[in-house]
Student: 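One structure, as structure tokens, below. Some questions next.
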Number of protein chains: 2
Amino acid sequence: MFPNIDPQNGIPLFEQVCRQVKFAIADQAYLPGELLPSVREMAQKMAVNPNTVARSYGELQREGIIESVRGTGMQITAEARRICQKERVRLIQERIVSALQEARFSQLTQEEVTKIVEREIQRLWKSK
Amino acid sequence: MFPNIDPQNGIPLFEQVCRQVKFAIADQAYLPGELLPSVREMAQKMAVNPNTVARSYGELQREGIIESVRGTGMQITAEARRICQKERVRLIQERIVSALQEARFSQLTQEEVTKIVEREIQRLWKSK
DNA sequence: ACTGCTGTACTAGATAGATAGTACACTACA
DNA sequence: TGTAGTGTACTATCTATCTAGTACAGCAGT
């Protein structure tokens, strides 16, 4: 379910966990009212420390995506899907823009960048 | 000359400095045989610590892009331009691919991603 | 020779991220 | 009423990055 946690990604682990959970909710792999896997279980799934997951869950809670039900677990809120679908686009867009900005500043031409992007999109989406 | 060093970029500063220098050489802002700005001068330009620049210069040296001439400065090697032009494409491509991979995994459709990319490329390159 | 500039090499401290381990209050369920 | 599983809150330790400050050997130009 969460195959791509990359410790040497530059992106902090607790943030990667947040993103993965958000994407899963946006994709309706988890539905409102359901419980997320427990801190300890999710930590095993993602091969990170339980504290790291706890930090991510705290973050998701502050964003109104999940609610803590003491002694029971983290429940997905009613607004979670809406928030996460917005977040998904925002987060992805942010990263793409950042990469393209560097390309722009580095004096690469529009043609060179377009070529790279089109090639990679083809490669990544061909086996849909 | 180096307007975009961003401390909260996720990318370590010393690595950002490396990239900027590589891009400048690829763009022939510095030519083989010339000296790079001194550690202290570059540190001022980029608003970072001299130690950070020194670390970056050490990295560039190990990659064969510059040579240390004790008491004089860091001299740009004959192969620097070739190496840096390759590196420029590689580094940019790496970042773009990484962002697109996340988009792919997050179940965004090819159309949504293409739309984002095309819009941003238009926006960034229009004022060429 | 002197002075000022190089790179280089230290030490020390601050901060952020991550791991490991422990503990505790709460809830669900048999 | 136990008991097992929740979130939560600590402390301690490790690593990487960055900053600050100091020092020193080597080169260039006066």
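Side-chain atoms are counted along with the backbone in the values below, which use heavy atoms only and exclude waters and symmetry mates. Throughout, a chain's letter reflects where its sequence line sits, starting with A, and its residues are numbered from 1.
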Student: Contact between A/R62 and A/E59 at the side-chain level, heavy atoms closer than 4.5 Å - yes or no?
Tutor: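 Heavy-atom side-chain distance check passes, below 4.5 Å.
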Student: Are B/E112 and B/K115 ion-paired here, with the side-chain N under 4.0 Å from a carboxylate O?
Tutor: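 Salt bridge between B/E112 and B/K115, a charged N being under 4.0 Å from a carboxylate O: no.
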Student: If you compare every side-chain N and O of A/T52 against the phosphate oxygens of C/dT19 (OP1, OP2), does one of them come in below 4.0 Å?
Tutor: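 For A/T52, the contact criterion (side-chain N or O under 4.0 Å from OP1 or OP2 of C/dT19) is met.
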Student: Closest nucleotide of DNA chain C for B/E41 versus for A/A47: which of these residues is on the 5' side?
Tutor: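 It is B/E41 whose nearest nucleotide is closer to the 5' end.
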Student: What is the distance, to the nearest angstrom, from the CD1 atom on A/I11 to the P atom on D/dA16?
Tutor: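 Roughly 20 Å, once rounded to whole Å.
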Student: Rounded to whole Å, how long is the line connecting atom CD of B/E34 with atom P of C/dT6?
Tutor: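 In whole Å, C/dT6 P and B/E34 CD are 16 Å from each other.
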Student: Evaluate B/Q107 against A/F23 for side chain to side chain contact (heavy atoms under 4.5 Å, CB included), listing each step before the verdict.
Tutor: CA-CA 8 Å; B/Q107 306 295 334; A/F23 293 168; over 6 Å; no
Student: Got more than 12 heavy atoms from elsewhere within 6.0 Å of CD, B/Q101?
Tutor: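 Enclosed: over 12 neighbouring heavy atoms sit under 6.0 Å from CD of B/Q101.
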Student: Check the distance between C/dC5's P and B/L35's CG and give it to me in whole angstrom.
Tutor: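 After rounding, the reported distance stands at 16 Å.
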Student: Run B/V113 and A/W125 through side chain to side chain contact (heavy atoms under 4.5 Å, CB included) and show every step you take.
Tutor: CA-CA 10 Å; B/V113 175; A/W125 269 268; 3.8 Å; yes
Student: How long is the line joining CZ of B/R55 and C1' of D/dA20, in whole Å?
Tutor: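 About 16 Å, once rounded to whole Å.
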Student: Would you please confirm or rule out a distance under 4.0 Å between OP1 or OP2 of C/dT6 and any side-chain N or O of B/Q75?
Tutor: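 For B/Q75, the contact criterion (side-chain N or O under 4.0 Å from OP1 or OP2 of C/dT6) is not met.
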Student: Base, sugar-phosphate, or nothing: which does B/E67 touch, judged by heavy atoms less than 4.0 Å apart?
Tutor: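 Answer is nothing: B/E67 stays at 4.0 Å or more from every strand.
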Student: Does this structure show an ion pair linking A/E102 with B/R19, if we count only N-O contacts that are shorter than 4.0 Å?
Tutor: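 Answer for the salt bridge query: yes.
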Student: For A/Q61, answer base if it contacts any base atom (sugar-phosphate contacts may also be present), sugar-phosphate if it contacts only those atoms, and nothing otherwise; contact means non-hydrogen atoms under 4.0 Å.
Tutor: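 Sugar-phosphate contact only - A/Q61 comes under 4.0 Å of backbone atoms but never of a base.
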Student: Just the rounded figure in Å: distance from C1' of C/dG7 to CD of B/E59.
Tutor: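 Value for this atom pair: 17 Å.
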Student: A/M46 CE to C/dA18 P: how many Å, rounded?
Tutor: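 Rounding to the nearest Å, CE of A/M46 and P of C/dA18 are 13 Å apart.
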Student: Please name the residue in the list B/K22, B/R90, B/R82, B/K86 that meets the salt bridge (Lys or Arg N to Asp or Glu O under 4.0 Å) test with B/E63.
Tutor: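 Answer after filtering B/K22, B/R90, B/R82, B/K86: B/K22.
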Student: Quick one: B/F14 CZ to D/dT19 P, roughly how many Å, whole number?
Tutor: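 Taking CZ of B/F14 and P of D/dT19, I get 12 Å after rounding.
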Student: To the nearest angstrom, how far is B/Q44 atom CD from C/dC5 atom P?
Tutor: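 Whole-Å distance recorded here is 12 Å.
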Student: Would you say A/S38 places a side-chain N or O within less than 4.0 Å of OP1 or OP2 belonging to D/dT6?
Tutor: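 Affirmative; the distance criterion is met.
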Student: Summarise protein proximity over nucleotides 20-30 of chain C in one line of letters, 5' to 3': B for base, S for sugar-phosphate only, - for none, counting protein heavy atoms closer than 4.0 Å.
Tutor: BB-B-BBBS--
